[in-house]
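Working notes, beginning with the structure itself.
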Protein chains: 2
Amino acid sequence: MVTIKDVAQEAGVSVATVSRVLNDNGYVGSETREKVMKAITKLKYSPNEVARSLYKRESRLIGLLLPDITNPFFPQLARGVEDEVNRAGYRLLLGNSDESIQKELDYIQTFAQNNVVGMISATNYLDHELYEALALPLVLLDRTSEDYPAVYADGREGGRIAAKALVEKGAKRITVMKGPSHIKPAQDRFRGAIEYLSQEEVDFSVMSTTSYSFEDARGWAEELFDKYADTDAVIASNDIVGIAILHEALRLGKQIPEDVQIIGYDDIPQSSLSYPTLSTIRQPAYEMGKQAAKLLINIIRKEQEVERSIQLPVELIERNTTRKG
Amino acid sequence: MVTIKDVAQEAGVSVATVSRVLNDNGYVGSETREKVMKAITKLKYSPNEVARSLYKRESRLIGLLLPDITNPFFPQLARGVEDEVNRAGYRLLLGNSDESIQKELDYIQTFAQNNVVGMISATNYLDHELYEALALPLVLLDRTSEDYPAVYADGREGGRIAAKALVEKGAKRITVMKGPSHIKPAQDRFRGAIEYLSQEEVDFSVMSTTSYSFEDARGWAEELFDKYADTDAVIASNDIVGIAILHEALRLGKQIPEDVQIIGYDDIPQSSLSYPTLSTIRQPAYEMGKQAAKLLINIIRKEQEVERSIQLPVELIERNTTRKG
DNA sequence: CCTTTATGTGTAACCGGTTACACATAAAGT
DNA sequence: ACTTTATGTGTAACCGGTTACACATAAAGG
């Protein structure tokens, strides 16, 4: 391994001077700078981040904690975070917590042990005490909080928009699927939908679900048409479930959107690849990731006028599981 | 920040003793161990990984380099890697290289600068010189190589199986989609399909594509039916493209699988959520990730009898875009 | 009883950077 | 000509761990 000492020796200067050249601070004579640069190139020197991180007590790493990257909503979020974080010269330590508080705590600890400059968390549980003890800049993603800055989409409005669209498109017997109760954003969109429907002249029923996963989605779909066979519109808890419902409806010989209208939530990329293409409420996942990263970096850099939290707008994407006009 | 010194002081011993307790090596008296443990608990001490990493010249991080986590094939891979890597006490530094060699090089450099113990790369380009200069344990994933251990699925066999299935199911005018030429596994499966078809009594045509992305998938689908309107079976370059083709075929009023049979590749989770559900060649993505991580860890630990490379089997998943029997 | 050997603990060097501080010299100000 | 001030460079302390080595004591062996 080539160290700063080797470079110093090669250039015939001290390590301090090499360091000054590397970081472009302090005074360095122009010929000296030249010599050092040449030595760096010659030896293919690349400074060790770990040593720097130890002294500075701060690495150039940012921790990203997700529930599960395997859920199609998260890769986009993650990319948004990564792209923005890279722009500022940081790199990502990634962790999936599943639904395990233990894993979450373990990751938070690792992040801290590695001197990360900050972290972004999109997990559902949130152990306040530990996060507090941390004293690490933290931004929450896809989640609201009183205590920490957060970036999220307007779930309540999303639920409302979905409900409004279905009512306007003539739905009479709407079924609203309620997502897992420990997932906050799931509850927000559910609440938005219920609020809207309650003030309208329509019948609606609520079906509770306890997970978002691919594996269970088909089960929810079957249960839905079993329990509410005559429903003519469904507000799905997310796109995965929405596509499963669509699939099941077709299997039962229903016409989409004539017999049943369906609105998903998230607008994951594959929603536009279903058949018929799924109408949905779009959450700007990539943008949310970017904003969260930006916010975190501003906090890290102690910029003035840092927003406390950022709410991004949602949007109805009308595709082919809802009627036209 | 609580350091080992604080613990030493609190326990009334030297830092060396605390270190011995932490790492459970060297001699430590049982009462002394007790005292140290108590101090650790009391101060909520958590050793700094960076300091350890500097002295040991080795962190507990592993670098994972992917083309793009946003491509639905990769989240599963990543989870496989992460889960296995965690079991062994390591954590992941994640990077997406897109198609950029520069980004790839940058990430490799960062990995090295952070003293990662090893790296797993699933990227398409591979700058041999740099990887060589690295002297970092490296395992390639979803990719073969003469020079490095690799974990991959049997693409050629996959292509063959897909072609065989279609021929057996009565396809007469098969269109084979050729994936981007810089993506090695895409070429393998293509080659497998062509090899099989060449020895059979069927007509087939080849359509070249230059990307795998969602955004372009629809375009390829349109082009396909434009150029080869009378094709009765398609071997898609991957599931995304397969689903887009399915979608387009339905839009054109074709019956699936009666008029057109379609076989995808990868078996990404959402393939079972399409309508009709997509027949495909399954690559065990999660398992591939796990195996790659296992292999890397074995190399790191300098275990004996480490396999050079691991080829995993692919499997035909018959769903509803191919005819029965 | 004396020498080994095993056990327990502390001191200090080390990992590879960064930076405070000392020192030297040149340029600028009075 | 003499003090400031700006510029350039090196020495060594420091970051928070790990470990080689020294040293002390107790147990075991002859």
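Bear in mind that the values here come from a model prediction, so they are computed numbers and not experimental data. Chain A is the first sequence line, chain B the second, and so forth, proteins listed ahead of strands; every chain is numbered from 1.
In this model, the phosphate group of D:dA26 is not approached by any side-chain N or O of B:Tyr27 to a distance below 4.0 Å at OP1 or OP2. In this structure, B:Ser53 does not reach the D:dG17 phosphate: none of its side-chain N or O atoms is under 4.0 Å from OP1 or OP2. The shortest distance between the side-chain N/O atoms of B:Ser19 and the OP1/OP2 oxygens of D:dT18 is below 4.0 Å. At C:dG10, one or more side-chain N or O atoms of B:Ser14 fall inside 4.0 Å of OP1 or OP2 (strictly under the cut-off). Within the 4.0 Å cut-off from OP1 or OP2 of D:dG8, not a single side-chain nitrogen or oxygen of A:Thr17 is found. Close to C:dG16, at under 4.0 Å from its OP1 or OP2, lies no side-chain N or O of A:Arg52. Phosphate contact (OP1/OP2 of C:dT18, side-chain N/O of A:Asn23, threshold under 4.0 Å): present. At C:dT18, none of the side-chain N or O atoms of A:Tyr55 fall inside 4.0 Å of OP1 or OP2 (strictly under the cut-off). Taking 4.0 angstrom as the limit, A:Lys56 places none of its side-chain polar atoms (N or O) nearer than this to OP1 or OP2 of D:dC14.
Pairing of C:dC15, defined by two Watson-Crick or G-U wobble distances under 3.5 Å, is identified with D:dG16. The base-pairing partner of C:dT7, taking Watson-Crick or G-U wobble contacts with both distances under 3.5 Å, is D:dA24.
One atom, CD of B:Gln113, and another, P of C:dC15, lie 20 Å apart when rounded to the nearest Å. For the pair A:Arg57 CZ and D:dA13 P, the computed distance is 18 Å after rounding to whole Å. Following rounding to the nearest Å, A:Glu58 (CD) and D:dC15 (P) show an atom-to-atom distance of 16 Å. Atom CG in B:Asn25 sits roughly 15 Å away from atom P in D:dG17 (whole-Å rounding). Regarding B:Glu31, its CD atom lies at a distance of 11 Å from the C1' atom of C:dT7, rounded to whole Å.
Take the nearest nucleotide of DNA chain C for B:Val13 and for B:Ala51: the residue whose nucleotide is more 5' is B:Val13.
With distances taken from any side-chain atom of A:Val15 to the nucleotides D:dG16, C:dT18, D:dT9, the minimum falls on C:dT18. Side-chain proximity of A:Ile4 to the nucleotides C:dG17, D:dG10, C:dC15 is greatest for C:dG17. Closest approach to the A:Thr32 side chain among C:dG17, D:dG8, C:dT9 is made by D:dG8 (side chain taken as heavy atoms from C-beta onward).
Residue contacts for A:Val50: at a heavy-atom cut-off of 4.0 Å it reaches no nucleic acid atom on any strand shown.
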Any chance you could lay out the salt bridge (charged side-chain N to carboxylate O under 4.0 Å, His left out) test for A:Lys290 and A:Glu287, step after step, and finish with the verdict?
CA-CA 5 Å; A:Lys290 277 203 113 156; A:Glu287 190 58 27; over 6 Å; no
Any chance you could lay out the salt bridge (charged side-chain N to carboxylate O under 4.0 Å, His left out) test for B:Asp106 and A:Arg91, step after step, and finish with the verdict?
CA-CA 11 Å; B:Asp106 287 349; A:Arg91 311 257 107 151; 5.4 Å; no
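In this structure, CG on B:Leu94 lies 7.0 Å from OH on B:Tyr107, to the nearest 0.5 angstrom.
Side-chain to base pairing of A:Arg20 with D:dG10: one donor and one acceptor N or O lie within less than 3.5 Å of each other.
Side-chain contact check for B:Tyr152 versus B:Asp188: every heavy-atom pair is 4.5 Å or farther apart.
Salt-bridge formation is detected for the pair B:Arg87/B:Glu84: a Lys NZ or Arg NE/NH1/NH2 atom is positioned less than 4.0 Å from an Asp or Glu carboxylate oxygen. Electrostatic pairing of B:Arg33 and B:Asp24 counts as a salt bridge here, judged by a charged N lying under 4.0 Å from a carboxylate O.
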